[in-house]
Amino acid sequence: MTVSKSLRGIGRISEEMRRLVHDKAEEVGYLSSRKRLFPPFLRSSTNSDHRLRLLCPTVGSLERGDTVPYRSDMIDGLRQTVDDMDGEVMIESFRTLREMEALLGKERFHGVVLSEPYPSHWISRLRELAPIIYTIGHDFQEGVDSVYFNEARASALAADQLREVGHRHIAWLGIEDRHAPFLVPDEEFMDERTADWLSHSNHGTRFASWLYLAHQHPDLTKWPVSLIERDWRTSSLEDAVRRGCREIFESRPQPTAIVCVSNAVARELILQLEANGLSVPDDLSVISYGVEEIGRTDDGLQLSGLIMPMDKVGGLVPEIVQRRLAYPDGLALSIQLDAEWLPGETFTSPRT
């Protein structure tokens, strides 16, 4: 108890005793960061409990598809940092919570890194087995650490870049996926939990930022925001984008630029616009998220839009895990990074 209190900096411990404990802890390999000490992740023993092990689960399928382009960059950044610590990242697919619980009960992991929203009762159960870290842009679940890029600032960055070259009528096109093979089944979310309502979409805070900007910008007209629900069992991406286009072009005045939730949506949008005789970007600018990864059109043009710092997100996860291990009862952290702008080739000034 004396050692524990000394390392955490609490309790009535004499300065001499605290110094002795800290000196001994550093001698045996504890890591020092801002006067805090964390258990060592030893390089010399692959079976050591202190060798960092993280689980990155998916639901249903390891194949993320083009709808979630940021996951691989996050894992690359995470693996690079963990490799430097001689740790391990396990990528595993599960069909049910029970399968995930079985693995966590059998093997020791220092943290579970989530790249998709989970239901409240899943989170509650998983937190009993290991620290949970979200790498998606919302932190609706209580007591869960989160690291991602700031969605509000990213949306403002896109709007500022468009307005700077003269766009005053901007539309926003998002897809809310349902029953995709990589999403938790709808029936697992509980109707009575508000966090579960908000967690149905990976892009909850992105859509919230769009809606806020659409009603708060200084121009006289509200910007149209089209959020189309796509049921993977019955609807194609082509159908969903077509419905979104119909909503957007029914608005007046018509937009001169459309911001899309992902590269897959942006590419499909460009195909449909060109099939209807519109040229991108001469007639309409198209902006996307995650343009650094698979960020080209079918014609080979570089998409314009936001570079998401997901490799940096992954690289920060081990530090958050270490903090949680050192302070199990500490406040949940939400660390937000900034996106960057890539001009690309699908964005220009609007025609006058």
Colleague: Locate the shortest heavy-atom distance separating His121 from Glu188; write the atom from each residue and the value.
Modeller: CE1-O, 2.8 Å

Colleague: Under a 4.5 Å cut-off applied to non-hydrogen side-chain atoms, are Pro119 and Met190 in contact?
Modeller: no

Colleague: Please walk me through it: do Thr58 and Arg71 pass side-chain contact (heavy atoms from CB on, under 4.5 Å)?
Modeller: CA-CA 10 Å; Thr58 67; Arg71 177 179 163 85; 3.1 Å; yes

Colleague: To the nearest 0.5 Å, tell me how far Asp311 CG sits from Asp73 CG.
Modeller: 6.0 Å

Colleague: Ignoring hydrogens and angles, state whether a donor on the side chain of Ser304 or Gln302 is under 3.5 Å from an acceptor on the partner side chain.
Modeller: no

Colleague: Do the side chains of Glu340 and Met308 get nearer than 4.5 Å, heavy atoms only?
Modeller: no

Colleague: Could you check if a side-chain atom of Tyr134 sits within less than 4.5 angstrom of a side-chain atom of Ile123, using non-hydrogen atoms only?
Modeller: yes

Colleague: I'd like to know if the side chain of Arg243 reaches the main chain of Glu229, judged simply by a donor and an acceptor atom lying under 3.5 Å from each other, with no hydrogens or angles considered.
Modeller: yes

Colleague: Find out if a path of hydrophobic residues (ILVMFWY) with successive side-chain heavy-atom gaps under 4.5 Å connects Trp210 to Leu198.
Modeller: no

Colleague: Do the non-hydrogen side-chain atoms of Trp341 and Pro343 ever get within less than 4.5 Å of each other?
Modeller: yes

Colleague: Nearest 0.5 angstrom please: Leu316 CG to Thr81 OG1, how far?
Modeller: 8.0 Å

Colleague: Donor-acceptor pair, Arg163 side chain versus His167 backbone, under 3.5 Å?
Modeller: no

Colleague: Of all the heavy-atom pairs spanning Thr135 and Tyr148, show the shortest one and how long it is.
Modeller: O-CD1, 2.7 Å

Colleague: Do Thr205 and Phe140 have side chains that approach each other closer than 4.5 Å (heavy atoms only, starting at C-beta)?
Modeller: yes

Colleague: Would you give the length of the straight line joining atom CG of Asp145 to atom CG of Leu114, rounded to the nearest 0.5 angstrom?
Modeller: 11.0 Å

Colleague: What I want to find out is whether Arg125 reaches Glu101 closely enough, with some N-O distance under 4.0 Å, to be called a salt bridge.
Modeller: yes

Colleague: Tell me, yes or no, whether the heavy-atom count around Met90 atom CE, taken from other residues, nucleotides or ligands under 6.0 Å, exceeds 12.
Modeller: yes

Colleague: Does Phe207 share a hydrophobic cluster with Leu269, counting links as ILVMFWY side-chain heavy atoms below 4.5 Å and allowing steps through other members?
Modeller: yes

Colleague: Any side-chain to backbone donor/acceptor pair from Arg230 onto Asp177? Under 3.5 Å, distance only.
Modeller: no

Colleague: List the steps, then state whether side-chain contact (heavy atoms from CB on, under 4.5 Å) holds for Glu151 with Gln336.
Modeller: CA-CA 8 Å; Glu151 291 282 5; Gln336 302 284 304; 5.7 Å; no

Colleague: Strictly distance-based, threshold 3.5 Å: is any side-chain N or O of Asp283 a donor or acceptor partner for the main-chain N or O of Leu278?
Modeller: no

Colleague: Between the side chain of His169 and the main-chain N/O of Gln254, is any donor-acceptor distance below 3.5 Å?
Modeller: no

Colleague: So does Gln80 have more than 12 non-hydrogen atoms from other groups sitting under 6.0 Å from CD?
Modeller: no

Colleague: Salt-bridged, Asp239 to Arg242, with N to O below 4.0 Å?
Modeller: yes

Colleague: Would you compute the distance between atom CE of Met310 and atom CG of Leu78 and round it to the nearest 0.5 angstrom?
Modeller: 10.5 Å

Colleague: For the OG atom of Ser235 and the CD1 atom of Ile228, what is their distance to the nearest 0.5 Å?
Modeller: 9.0 Å

Colleague: Does any non-hydrogen side-chain atom of Val113 lie less than 4.5 Å from one of Met74?
Modeller: yes

Colleague: Does the side chain of Asn276 come within less than 4.5 Å of Phe249's, by heavy atoms?
Modeller: no

Colleague: Starting from Leu271, can I reach Ile248 by hopping between I/L/V/M/F/W/Y residues whose side chains sit under 4.5 Å apart?
Modeller: no

Colleague: Quick one: does any side-chain atom of Glu116 pair with a main-chain N or O of Val59 as donor and acceptor, under 3.5 Å?
Modeller: yes

Colleague: What's the shortest heavy-atom distance between Tyr289 and Cys260, and which atoms?
Modeller: CD1-O, 3.3 Å

Colleague: Ile170 and Pro255: which non-hydrogen atoms are nearest, and at how many Å?
Modeller: C-CB, 4.3 Å

Colleague: Please say which of Leu227, Val225, Ile258, Leu211 ends up in a side chain to side chain contact (heavy atoms under 4.5 Å, CB included) with Trp172.
Modeller: Val225

Colleague: Out of curiosity, Ser226 OG to Glu250 CD, how far, rounded to the nearest 0.5 Å?
Modeller: 9.5 Å

Colleague: Dump the intermediate steps for side-chain contact (heavy atoms from CB on, under 4.5 Å) on Gln322 and Leu52, then the final yes or no.
Modeller: CA-CA 9 Å; Gln322 290 182 63; Leu52 184 65; 5.6 Å; no

Colleague: Go through the steps for Gln141 and Tyr118 under the test side-chain contact (heavy atoms from CB on, under 4.5 Å), then give the verdict.
Modeller: CA-CA 9 Å; Gln141 301 289 357; Tyr118 276 48; 5.9 Å; no

Colleague: Judged by atom type as modelled, is there a donor-acceptor pair below 3.5 Å linking the side chain of Ser288 to the main-chain atoms of Ser262?
Modeller: yes

Colleague: Counting distance only, does the side-chain N/O of Ser155 pair as donor-acceptor with the main-chain N or O of Ser209 below 3.5 Å?
Modeller: no

Colleague: Indicate yes or no for a side-chain donor-acceptor contact from Ser285 to the backbone of Ala257 under 3.5 Å, with no hydrogens or angles considered.
Modeller: no

Colleague: Are Ile91 and Ile133 linked, directly or through intermediate hydrophobic residues, by side-chain heavy-atom contacts shorter than 4.5 Å (ILVMFWY only)?
Modeller: yes

Colleague: Can you confirm whether more than 12 heavy atoms, excluding those of Arg252, are under 6.0 Å from its CZ atom?
Modeller: yes

Colleague: Check this for me: does any side-chain nitrogen of one of Asp338 and Arg153 sit under 4.0 Å from a carboxylate oxygen of the other?
Modeller: yes

Colleague: Counting distance only, does the side-chain N/O of Thr346 pair as donor-acceptor with the main-chain N or O of Val286 below 3.5 Å?
Modeller: yes

Colleague: If you count the non-hydrogen atoms of other residues, nucleotides and ligands that lie under 6.0 Å from CD in Glu107, is the total more than 12?
Modeller: yes

Colleague: For Pro57 and Leu55, work out which heavy atoms get closest and say how close.
Modeller: CD-O, 3.4 Å

Colleague: Between Arg168 and Trp223, which heavy-atom pair has the shortest distance, and what is it?
Modeller: O-NE1, 3.0 Å

Colleague: For side-chain hydrogen bond (donor to acceptor under 3.5 Å, both in side chains), just list the numbers for Arg53 and His110, CA-CA rounded to whole Å, side-chain angles, deciding distance to a tenth of an Å, and then say yes or no.
Modeller: CA-CA 6 Å; Arg53 297 188 76 231; His110 295 95; over 6 Å; no

Colleague: Do Ile335 and Val317 belong to the same hydrophobic cluster, where Ile, Leu, Val, Met, Phe, Trp and Tyr are linked whenever their side-chain heavy atoms lie under 4.5 Å apart, directly or via other members?
Modeller: yes

Colleague: Does CZ in Arg95 sit with more than 12 non-hydrogen atoms of other residues, nucleotides or ligands closer than 6.0 Å?
Modeller: no

Colleague: With a 4.5 Å cut-off on side-chain heavy atoms, are Leu303 and Phe347 touching?
Modeller: no

